[in-house]
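In this chain, residues are counted from 1 in sequence order. Since the model is a prediction, treat every value here as computed from it, not as a measurement. As the structure lists them, so they are numbered: ligands from 1, and atoms in each ligand from 1.
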Amino acid sequence: MIKFLDLQKINLIHQQEIEEKLINTFRSGWYLLGREVKNFEENLKNYIGSNHAIGVANGLDALRLIFRAYLELGLMKKGDEVLVPANTYIASLLALSDNGLVPVLVEPNLDNYNIDISKIESKITSKTKAILIVHLYGQIVFSEELKEIAKNNNLKIVEDNAQAIGASWNKIKAGNLGDAAGFSFYPGKNLGALGDAGAVTCKDDDLAKAIRAIANYGSNLKYVNIYQGLNSRLDEIHAAVLDVKLKYIDNENQIRREIANRYLKEIKNNKVILPIEPVDKKEHVWHIFVIRTKERDALQSYLQENEIQTLIHYPIPPHKQEAYKDLNHLSLPITEAIHEEVLSLPISPVMSVNEVSKVIEIINKFI
Ligand SMILES: *Cc1c(COP(=O)(O)O)cnc(C)c1O
């Protein structure tokens, strides 16, 4: 069976280094807000090129904390609107609604399934304060035009970078393209911890300070609370593991790119629509490799019969979820079509050349 993602294998590549770190952290007697988190934050900051990196408990919290900090700093208020792609994982919306901000959904582009930048301006109102871009599937989304729209309308650009650590636009890394970015280190992400973990990167000093405080009960100084904060900290043990894996992320992303390039060149079946290759300034990291077909369910069963595991990212769009009853009435035909047609193929740094060949061969034989 070719697994969609073999997490055990992925982590065992670094077995010795990770086990050493785990034992050292265990024996140190220091489990929170210590040396490991500090090191990892420093290395992440340097890797991304941002001014600040703050370890937090998970990716959803990373995004929640960014918007919460904008509220605390008086740069946004409840009821303000944030533009967000309609085709995304629900966490992007949860980070907004949890803060009393209104998600305004923008249809994607059929080329890359990501936010259609040409549709952004028509959604801007006097209440719009930010654009939350999502580098979905590890495909970078950015352009000069997007930057101009944000600048001309005085909008913050926040990146949901849960799926695209290491991706870049014009040599600038995802996480350093906008004003602030949320990262997830959920085990299955390109940089995965051994449990929940996340981080925020940002440019502005005051924003970083506010986020750090809010994530720690609203306190920058023990027992002195300036905000009604949360407890959303990155554990030492996760930071220690992430710091090992961060050293290898470029290598591992490169393997993903090689697999994606083979899929793009060698999958030839007129029932299957492939993602488009990244153009000029874009470097993707292919967190997932998503194809489209009108016969999605048939193709998925066929691949399963041939011992190839696939997943669907995602079967139900956020605006059709019971959790967002107030959005259920929206008609977003492109988003809805995508959710009925997408299928994610196996891709990971531990997939062998033979496994990739088998996936290609089996898909090409699908009739
Ligand atoms: C995984 C993910 C999140 C949430 O991250 P968690 O660490 O699971 O909380 C947010 N947005 C996107 C696009 C994701 O893929």
Side-chain angles (χ1 to χ4, degrees), residues 4-5 7 40 44 53-68 82-99 101 103 105-106 108 112-115 130-142 157-167 174-175 177-178 180-201 211 215 230-235 237-239 241-242 245 253 256 284-290 311-319 321 323-324 335 338-339 342 344 347-348:
F4 180 73
L5 190 68
L7 271 184
F40 176 64
L44 181 68
I54 302 145
V56 300
N58 57 64
L60 173 56
D61 275 6
L63 296 167
R64 280 170 76 200
L65 284 160
I66 292 167
F67 289 100
R68 175 72 188 275
V82 177
L83 306 183
V84 60
N87 180 41
T88 184
Y89 181 55
I90 197 162
S92 315
L93 275 76
L94 293 172
L96 303 172
S97 45
D98 182 66
N99 279 302
L101 296 165
L105 303 179
V106 183
N112 59 5
Y113 322 126
N114 218 314
I115 195 163
I131 309 171
L132 175 57
I133 56 174
V134 185
H135 307 297
L136 200 68
Y137 313 147
Q139 303 190 40
I140 195 97
V141 55
F142 205 77
I157 296 178
V158 178
E159 296 171 81
D160 179 338
N161 196 26
Q163 302 192 357
I165 186 165
L177 287 165
F183 291 70
S184 167
F185 307 122
Y186 172 82
K189 299 288 160 78
N190 286 26
L191 179 63
L194 305 183
D196 279 315
V200 173
T201 56
I211 289 169
L230 320 171
N231 175 359
S232 180
R233 301 178 298 213
L234 176 62
D235 296 323
I237 203 129
H238 290 308
V241 172
L242 289 166
K245 294 181 73 178
N253 281 338
R256 288 173 182 273
H284 297 343
V285 292
W286 303 104
H287 170 56
I288 41 188
F289 190 94
V290 178
L311 294 178
I312 295 168
H313 298 92
Y314 298 92
I316 308 171
H319 74 282
Q321 299 284 358
Y324 282 105
T335 301
I338 286 174
H339 283 72
V342 287
S344 307
I347 189 165
S348 87

Residue, atom and distance of the protein heavy atom nearest atom 9 (O) of ligand 1 read L60 N, 2.9 Å

If you measure every N/O of G59 against every N/O of ligand 1, is any gap under 3.5 Å? yes

Would H313 and F4 count as a close aromatic pair, with their ring centres under 6.0 Å? yes

shortest atom 10 (C) of ligand 1-to-protein heavy-atom contact is with A91 CB, 3.4 Å

Got a donor-acceptor contact below 3.5 angstrom from the S232 side chain to the V56 backbone? no

What one should report as the nearest heavy-atom pair of A53 and T201 is CB-CG2, 4.1 Å

Which protein non-hydrogen atom lies closest to atom 11 (N) of ligand 1, naming both residue and atom, and how far is it? D160 OD2, 2.8 Å

shortest atom 2 (C) of ligand 1-to-protein heavy-atom contact is with K189 NZ, 2.7 Å

Heavy-atom nearest neighbour in the protein, as seen from atom 15 (O) of ligand 1, with distance rounded to 0.1 Å: Q163 NE2, 2.7 Å

Are the side chains of D160 and V84 in contact, using a 4.5 Å heavy-atom criterion? no

Short question: side chain of N161, backbone of A174 - any donor-acceptor pair under 3.5 Å? yes

Main-chain N/O of I165 paired with N190 side-chain donor or acceptor, under 3.5 Å: no

S184 to ligand 1: N or O pair under 3.5 Å? yes

